[in-house]
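Some notes on the structure that comes next.
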There are 2 protein chains.
Amino acid sequence: MKHIDLSRLFDPRKLILVGASEQKLFSAGIARYLFEHGFAERVTLVNAKGNTVFGRATHTTIASAASEGPFDVAIVVVPAPHVERSVEQLAAIGVKLAIVESAGFAETGAQGAARQASLKARADALGIRLLGPNCVGVVDTRSRFSSTEVQEESLGRGGVALIAQSGVFGSILLDWAPYNGLRLSKAITLGNRIDLDEADFLYFLADDPDTRVVALYLEGVGDGPKFMDAVRHCAARKPVVVLKGGVTDAGARAVGSHTASLAGSDAVFAGALAQAGGIRAKSLEHLTDLAAAFDRCPLPKGPNVAMVTTSGSQGILATDTIVAGGLRLATLAPETVAKVKAVAPAWMTVGNPLDVGPSGVYNVALDALLDDPRVDALLVLIAIPWGAVAPFVESGAGMEEMIFNDLAKVRAKAKEMPILVAHIGHPRFVKMTEEAVGDFLPVYPNAERAAAALAAMTTFRKAE
Amino acid sequence: MKHIDLSRLFDPRKLILVGASEQKLFSAGIARYLFEHGFAERVTLVNAKGNTVFGRATHTTIASAASEGPFDVAIVVVPAPHVERSVEQLAAIGVKLAIVESAGFAETGAQGAARQASLKARADALGIRLLGPNCVGVVDTRSRFSSTEVQEESLGRGGVALIAQSGVFGSILLDWAPYNGLRLSKAITLGNRIDLDEADFLYFLADDPDTRVVALYLEGVGDGPKFMDAVRHCAARKPVVVLKGGVTDAGARAVGSHTASLAGSDAVFAGALAQAGGIRAKSLEHLTDLAAAFDRCPLPKGPNVAMVTTSGSQGILATDTIVAGGLRLATLAPETVAKVKAVAPAWMTVGNPLDVGPSGVYNVALDALLDDPRVDALLVLIAIPWGAVAPFVESGAGMEEMIFNDLAKVRAKAKEMPILVAHIGHPRFVKMTEEAVGDFLPVYPNAERAAAALAAMTTFRKAE
């Protein structure tokens, strides 16, 4: 089976926006985004009335815009009844790939379903490939191309490719991601999947050098065998994490009126996914927590986890979580114990979890664990009352004096073993942690979520 | 069995701080807090050297401070070897209740364990009741008394009484709570539980008018039968939610070196707790999510849940969660459907979940659901791309125009049925929601967490 090359979908040399408008909020957002992010010279606008869009001239027809092509991609945002004709005209000027963002197809009932069937038949006959309808298309953080208005901050680059079926949900995740530690390579919203589906993108993302992990939110699978083959293909190269909505009967019925998908039997899906090497996420938080871990961390080389904390409780909750997930507490090397004992007060028990309490030796303990050859993964559990931290912060102490002895060393070690951080406490202190290590370590809001992400990482085994 | 009256522990008329110091960070924080929060005139300070504390004179002995009593409560922060003698002297001047915050007891090994056993025997013989050692005592948001330094913001009042075994963990939750929607009536840290334990507080909190729900984090139970009796006693009046650490063998071993508790068999604990009417939390987030729901919401009168959203995906994930939790989607009343259809665009399916998409009728739809007699609980799932919201926000639109048609009505209805909000998206928009309804509705970061909290609420049935 030949997989479609989607690279130009994410980095078009030239593109055409059909239904350009500065009056219609959604369309205006797309044009504004493209103008402001390097695509002003590359985008051609079509507006049936010839109205200007933010001062830019438009073509009244697709045919009259042809001279500015060839176009790698079209974005179609005209009302649903006009979509099919636009697609015909795009095919006529040689466009091979269109993102149809318009809603009003199978998700709205019988009339929409008929409209969708007609559009599909026509596009198939003309040989033009479609993404959508009822989606917001794609975002690429390297090329900075986006077929939807997206907050600039979202474009902080990372290794997570996010596939969401729904356009609204995709957009919201894009709003949310930059403030919640999720760094994206690409984002794709599928909508009604008249043609291109999650499998096509999995085949493509398998070889995308910018993508380290693929995170999918699906409400059903278009073509089951094709999807599982694509998961297998991609999971042989990088982790594929899947959250599925419509797991219960009532949830599945709700899916029907949303993206017009059939949710299918959850047990069958779960079994097939596991067999294909995909990882099932239990919730949206679990999906994004895992994606962040796979993006920033190498895979653990073994099951031995060390944890350092000031809060015995956080260590206990994390221990429960990793053990339930099949990992175990590392037995620390004698040299590690010796290094910590050399600075530890008499009351401190040097073990694993390494609970340093109010000893003030957190940074020394963490540094010693980084060098321990018996440790395959490290959980850095920060939980220090603000009352104890505030005087240090106010006297100008930084995270290196309190937590991370040697940030360069932590950064280097983070390439060799997974180091996951959890910080619970006062938001000012949490922010200091995010600023110090957030660009190279995943930071979670509590010990259990960091531990659960680490445990789930070990379920990924790259196929030979 | 006579339950100890702990009301003066949370609202002492006079108190004595033994080990007062402005040099020692921890002790200084306690004094500073008391001075700044209305207890300057009520607190007597003891410092062995007679050093002043922030300009205040101190007594060199407990005996010499007696003339300023009688004291309802003593706070003891002297080093561990001096604690027993301080407790003897406190008993000698008639103090009946002491919070021992000093560490260095059973949590640190054999010598500490011997010290603890000796302290316990002496206190029992003298008839003085102890909280601790190795804790930070209590916080009361009504009296504003706190035996630890706590951020002022924490003192926003609510109905959640939080019991944490560990002092550090309790302090961190106090830092974290005000920024995460958890409003407290009281907080109690138990430490090594030499005398007063979680059961004593449950008996007391059962009749505390400020407390609507008790949330406990435990690493083991001091006296199993007493604890279960106390849960039964309290759960007959208000919900008791329990998170337990040390569930796995490795986690249980870690408990030993933390708060010197025996974690015990988890299966036995789970069964006994359920029988006593307690609710088991699965994680720290689950504990606080549930506590917030019980604090702000009445119990649902039935299993019929309605949900309004702009994101079909959030509706589907919430549906999966409530159905898995034993609830069901309400069948909307014909009048509700008619009200929404009157304003809905043709493409919109009026059902439950009520996915309004980009119709702009969210506030009308939510308002109609509030009046539906077939709805026992409402999930308000907000998920609107910032690109669609920003123009309205920038033109001065408020939450009443976008989401909550009539905030006064929402507030009134929130007294009759549980209304839980989930908002995922851009942080500026999330903040607007929290400012509009955060004081009377619980606000969660995504649909699944709101739905899980609602589902767990229905597991509480007040005993007859």
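Looking at A/L243, the atoms closer than 4.5 Å to chain B (heavy atoms on both sides) all sit in the side chain, from C-beta outward. In this structure, chain A has heavy atoms under 4.5 Å from both the backbone and the side chain of B/L284. Residue contact with chain A, scored on non-hydrogen atoms closer than 4.5 Å, is absent for B/R32.
Within a 6.0 Å radius of CD in B/Q111, other residues, nucleotides and ligands contribute 12 heavy atoms or fewer. Other residues, nucleotides and ligands place more than 12 heavy atoms under 6.0 Å from the CD atom of B/E22.
Looking only at side-chain heavy atoms (C-beta outward), A/I424 and B/L173 come within less than 4.5 Å of each other. At a threshold of 4.5 Å between non-hydrogen side-chain atoms, the residues A/S313 and B/Q165 do not count as touching. In this structure, A/E285 and B/P445 have side chains that are in contact, with non-hydrogen atoms separated by less than 4.5 Å. Two residues are said to be in side-chain contact when any heavy atoms from C-beta on lie closer than 4.5 Å; A/V430 and B/W176 fail this criterion. Taking the side chain as every heavy atom from C-beta outward, B/F169 and A/I316 never approach each other to under 4.5 Å.
Separating the CD1 atom in A/I172 from the NE2 atom in B/H426 is a distance of 13.0 Å, to the nearest 0.5 Å. The line from CG of B/L317 to OG of A/S283 is 9.0 Å long, rounded to the nearest 0.5 Å. Here CG of A/D249 is found 11.5 Å from CG of B/L329. Values are rounded to the nearest 0.5 Å.
Your options are B/A103, B/A250, B/G315, B/G29, and the one with the most heavy-atom pairs under 4.5 Å with chain A is B/A250. Ranked by non-hydrogen atom pairs under 4.5 Å with chain B, the options A/A383, A/S171, A/G104 are led by A/A383.
Here the closest heavy-atom approach between residue A/L25 and residue B/P391 is recorded as CD1-CG, 3.5 Å. Nearest heavy-atom pair, A/D175 versus B/G425, reported as atom, atom and distance to 0.1 Å: CB-C, 4.0 Å. Minimum interatomic distance between B/E448 and A/K282 (heavy atoms only, all atoms of both residues): OE2-O, 4.2 Å.
Within the 3.5 Å criterion, the main-chain N or O of A/T248 finds a donor-acceptor partner in the side chain of B/D320.
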Could you go through the side chain to side chain contact (heavy atoms under 4.5 Å, CB included) check for B/W386 and A/E149 one step at a time? CA-CA 9 Å; B/W386 180 244; A/E149 183 171 30; over 6 Å; no
